[in-house]
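Worth saying up front: this structure is predicted, and the values here are computed from it rather than measured.
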Amino acid sequence: MTLDEFVKAFAAEFDDTPEETFKADTRYKELDEWGSLIALSIISMVDDEMDKRVTGADLRNCSTIEELFNLVESK
Amino acid sequence: MQNYDIYNPFSLKGKKILITGASSGIGKGAAIECSKMGAKVIITARNEERLQETLQQMTGEGHEIRICDLANNKAIKEMVDTLPELNGIVNNAGFTITRPVRKIEEEAFQQIMQVNTIAPILTLKYLLNAKKLLNGSSIVFTSSLAGIGRMSVGNTMYGCSKGAISAFIQGAAKELAPKGIRVNAVCPAMVETQILSAGVITQEQVELTKKLYPLGRFGTPEDIARAMVFLLSDASTWITGVNLLVDGGRALY
């Protein structure tokens, strides 16, 4: 999966935040819609689409979508 | 001075108990506690090495091991065929996969229902058909606070599997009462087992979550095991069809 595809997949987990809001440098935890349920959805998406495991702590430790992508890629 | 050896309705002395999922967590704790209370225990799980570790921590002689994968109903039937007559079961084996509703996977859901719901119910069925449950037997299921509808985000598959158990015990208790067989469940809240120590949640989150427990801590396997001992013992002979909360007061909030 490329970074662009990852940003799209990340955006698809949100219901109320418009897709164009999401860029590689988006600080996702600052989004109004961010919360534990979205976090779980991202963890599941990474598992389904990339066959990699990220944890809640990983999501907290990263700031931008790109940082998270790099972390997932490094696993 | 009273002699507590003579009067102890909580004792499991002379009782033979089957415990599933005994290689770790609550099942391991139950095996150890039941042995300390005098029971002869048959422990079962998939992994022989870890069952041996449980066995080494148990008190007394005459305990036995059975290897069985609860994903396989035929294997459960074959395991039951090798068992002696029993005075009790702790149907405990179980696992969870955390997923939000929109990410529920059919295969994972089926696995959870198989191991947490179908396998323990079939274990009871096979034991009944083989007439291996003596009159006065006590059946204990491990349900969960999730089984009575109190679940955390992402835990619905597990909640379903335990909810089915919490309903089942009430029907089974009614059906089996004429045989003098009691059927109950314990409903633990968060217990410090491998699920917690696997590092999926951070220490910070753990401390925050503990604040939701009036008694100020998570449960230990022993906390749950002692409630099971009570339900297995003659101290609870007039209790059946009950979902017993063992939750440090968590459900009060």
Side-chain angles (χ1 to χ4, degrees), chain A residues 1-2 4-22 26-65 67-75, chain B residues 24-25 94-113 115-116 144-146 149-163 189-213 218 250 253:
Chain A
M1 186 182 274
T2 65
D4 277 353
E5 286 164 345
F6 185 76
V7 173
K8 272 207 177 72
F10 194 100
E13 299 305 331
F14 289 73
D15 287 326
D16 303 328
T17 315
E19 200 187 327
E20 55 272 22
T21 310
F22 295 88
T26 299
R27 303 173 78 83
Y28 53 83
K29 281 171 286 182
E30 292 168 14
L31 298 169
D32 287 344
E33 204 183 338
W34 181 256
S36 59
L37 189 57
I38 293 280
L40 263 179
S41 297
I42 301 292
I43 292 169
S44 304
M45 179 274 286
V46 171
D47 186 5
D48 290 343
E49 309 287 327
M50 306 170 80
D51 203 20
K52 300 269 175 79
R53 272 17 105 209
V54 287
T55 66
D58 291 335
L59 289 174
R60 267 186 305 281
N61 292 335
C62 294
S63 298
T64 66
I65 299 175
E67 266 179 60
L68 181 64
F69 175 74
N70 291 336
L71 178 73
V72 172
E73 286 287 293
S74 72
K75 289 200 177 218
Chain B
S24 67
F95 75 106
T96 184
I97 297 172
T98 309
R99 289 242 151 183
V101 172
R102 53 197 262 179
K103 296 280 182 188
I104 286 175
E105 267 190 319
E106 193 181 335
E107 199 185 329
F109 193 19
Q110 275 169 352
Q111 285 168 358
I112 289 178
M113 293 303 288
V115 172
N116 295 7
S144 165
L145 219 50
R150 306 272 312 226
M151 67 199 85
S152 52
V153 161
N155 216 16
T156 51
M157 289 190 284
Y158 182 79
C160 281
S161 73
K162 295 301 189 180
M190 194 78 90
V191 171
E192 291 188 7
T193 66
Q194 282 178 327
I195 297 176
L196 264 185
S197 56
V200 180
I201 60 174
T202 62
Q203 193 56 39
E204 193 186 11
Q205 268 177 304
V206 167
E207 293 308 320
L208 265 171
T209 311
K210 273 184 189 167
K211 293 204 165 73
L212 298 170
Y213 286 71
F218 293 145
R250 176 67 185 89
Y253 280 125

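- In this structure, the side chains of A/Asp48 and B/Arg99 come closer than 4.5 Å at one or more pairs of heavy atoms.
- The two atoms that bring B/Pro100 and A/Leu37 nearest to each other are CB-CD1, 3.7 Å, heavy atoms only.
- Electrostatic pairing of A/Asp47 and B/Lys103 does not count as a salt bridge here, judged by no charged N lying under 4.0 Å from a carboxylate O.
- In this structure, A/Lys29 places its NZ atom where more than 12 heavy-atom neighbours from other residues, nucleotides or ligands lie under 6.0 Å away.
- Shown here is A/Asp15, whose CG atom has more than 12 heavy atoms of other residues, nucleotides or ligands within 6.0 Å.
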